[in-house]
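By convention in this document, chain letters (A, B, ...) are assigned in the order of the sequence lines, proteins followed by strands, and residues within each chain are numbered from 1. Every value quoted in this text rests on a predicted model; they were computed, and no experiment measured them.
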Protein chains: 2
Amino acid sequence: MNFSTKTEYGLRALVKLDPKVKSPVSLAQIARSESISLAYLERLFVLLKKAKIVRADLGVGGGYYLARPAKDISVLEIVEVLEGKILSYACVKGKVCAHSASCKVHPVWQKLYKEVRQTLGKMKLINIMK
Amino acid sequence: MNFSTKTEYGLRALVKLDPKVKSPVSLAQIARSESISLAYLERLFVLLKKAKIVRADLGVGGGYYLARPAKDISVLEIVEVLEGKILSYACVKGKVCAHSASCKVHPVWQKLYKEVRQTLGKMKLINIMK
DNA sequence: ATAAGACCTACTAATTTAGTAGGTATTATA
DNA sequence: TATAATACCTACTAAATTAGTAGGTCTTAT
């Protein structure tokens, strides 16, 4: 159980954005300061944009900025966008497992899933930006 | 962030053991009832044995049994044995990240790591065996 | 003697993750 | 109006991990 670098890179990059809305920061700048491949970062930001976490301005002086106030963006959202659904087991999703009528392990994943989501949901981007 | 099937299989197999100590259950039996490849299960149990979670009897009538009472075996132990260290980032381990003097994302992983370990640590095998 | 079991090693297949390469479209500004 | 900086797009490749297979040896109850 580990997060991939997608999440790590993504979070590290997002905190480099301007907390002020509409104040674009270029990915080239972030890639440099965080030593992350620009091409890779670009792809992560496509996902973040689709998820309406960030917006972008094209052209010179352009870049990415937050689509919403940082206090309204949770780490959970970011993680789920970049990482995919966390703990995505049949068990976790509430389905009865295929292999046995009533899977005893089910409650373990259920509880963990709930707690992790709660914890990450409470963490807002604003809290780690400054 | 997902657990591999190692953990899923391992847990599902462990709850099939006899809660009584020294009452061996064969892996062939578990493999059958849980539709898990026997050869794969065997390798998982080598790890569990090394970690002193289970013991084994050889020969006919042999099999695996818990090395300790099920109330003294936490899901955390099992997960860490089968999955490797969870959330094993430089950040998480308390080291300062290489890429910046003080990583702002650090506290996110720290807190999550602590909570996940706490949650899984409190869950004991006995609670899911019956 | 036999069969059921753990135990061991090496290989392979599949999937995911990470990264690269080579572009196009848009836009501020010199 | 040319240029350079930016997002945006697609396809490919490399590396690592995960999952599974194959083919055995050693031990022991019956």
Practice task
Using atom CZ of F45(A) as one end and atom P of dT6(D) as the other, report the distance to the nearest whole Å.
Solution key: 14 Å
Problem - Value in whole Å for how far the P atom of dA5(D) lies from CD of E42(A) - result: 14 Å
Practice task
With sequence neighbours left out, write down each residue that passes salt bridge (Lys or Arg N to Asp or Glu O under 4.0 Å) with D18(B), or none if nothing qualifies.
Solution key: K20(B)
Fill in the blank from the handout: With sequence neighbours left out, the residues meeting side-chain contact (heavy atoms from CB on, under 4.5 Å) with I126(B) are A70(B), K71(B), K124(B)
Handout entry: Contact under 4.0 Å: S37(A) side-chain N or O vs dT20(C) OP1/OP2
Key = yes
Problem - Phosphate OP1/OP2 of dA18(C) contacted by Y40(A) side-chain N/O (<4.0 Å) - result: yes
Completion exercise
With sequence neighbours left out, the residues meeting salt bridge (Lys or Arg N to Asp or Glu O under 4.0 Å) with R117(B) are E80(B)
Exercise for the section: With sequence neighbours excluded, tell me which residues meet side chain to side chain donor-acceptor pair (under 3.5 Å) with R32(B). Expected result: none
Report each atom pair, protein N/O against N/O of nucleotides 10-16 of chain C, whose distance is under 3.5 angstrom.
residue	atom	partner	partner atom	Å
dA10(C)	N6	R43(B)	NH1	3.0

Practice task
Not counting sequence neighbours, which residues clear side-chain contact (heavy atoms from CB on, under 4.5 Å) with A67(A)? List them please.
Solution key: R55(A)
Practice task
For E83(A) and S4(A), indicate whether the former's side chain and the latter's backbone hold a donor-acceptor pair under 3.5 Å.
Solution key: yes
Handout entry: Within residues 47-66 of chain B: residues closer than 4.0 Å to DNA chain D (heavy atoms)
Key = L58(B), G59(B), V60(B)
Exercise for the section: Please determine if a side-chain N or O atom of S26(B) lies less than 4.0 Å away from the OP1 or OP2 oxygen of dA4(C). Expected result: no
Handout entry: Phosphate contact (dG19(C) OP1 or OP2) by Y9(A) side-chain N/O below 4.0 Å
Key = yes
Problem - Sequence-distant partners of K52(B), side-chain contact (heavy atoms from CB on, under 4.5 Å), two or more places apart - result: none
Practice task
With sequence neighbours excluded, tell me which residues meet side chain to side chain donor-acceptor pair (under 3.5 Å) with S74(B).
Solution key: none
Indicate every side-chain donor-acceptor pair of residues 38-50 of chain B with a distance under 3.5 Å to a residue at least two apart or in another chain.
none

Practice task
On DNA chain C, check which nucleotide each of A39(B) and Q29(B) is closest to and give me the residue with the more 5' one.
Solution key: Q29(B)
Handout entry: Integer-rounded Å distance: dC8(C) C1' and L38(B) CG
Key = 13 Å
Problem - Length of the line joining L44(A):CG and dC9(D):P, which is rounded to integer Å - result: 15 Å
Handout entry: Axial bend angle, the helix from dA1(C)-dT30(D) to dA30(C)-dT1(D): five-pair end segments, nearest 10°
Key = 0°
Handout entry: Spacing between E8(B) atom CD and dG20(D) atom P, to the nearest angstrom
Key = 10 Å
Handout entry: Gap between atoms CD and C1', on E83(A) and dT17(C) respectively (whole Å)
Key = 10 Å
Practice task
Give, for atom CD1 of I78(B) and atom CE of M123(B), the distance between the pair rounded to the nearest 0.5 Å.
Solution key: 11.0 Å
Exercise for the section: May I ask whether L76(B) and F3(B) are part of the same hydrophobic cluster, defined by side-chain heavy atoms of I, L, V, M, F, W, Y residues being less than 4.5 angstrom apart, directly or through others? Expected result: yes
Exercise for the section: Can you tell me the distance, in whole Å, between the CG atom of N2(A) and the C1' atom of dA18(C)? Expected result: 15 Å
Problem - Non-neighbouring partners of S26(B) that pass side-chain contact (heavy atoms from CB on, under 4.5 Å), sequence neighbours left out - result: A28(B), Q29(B)
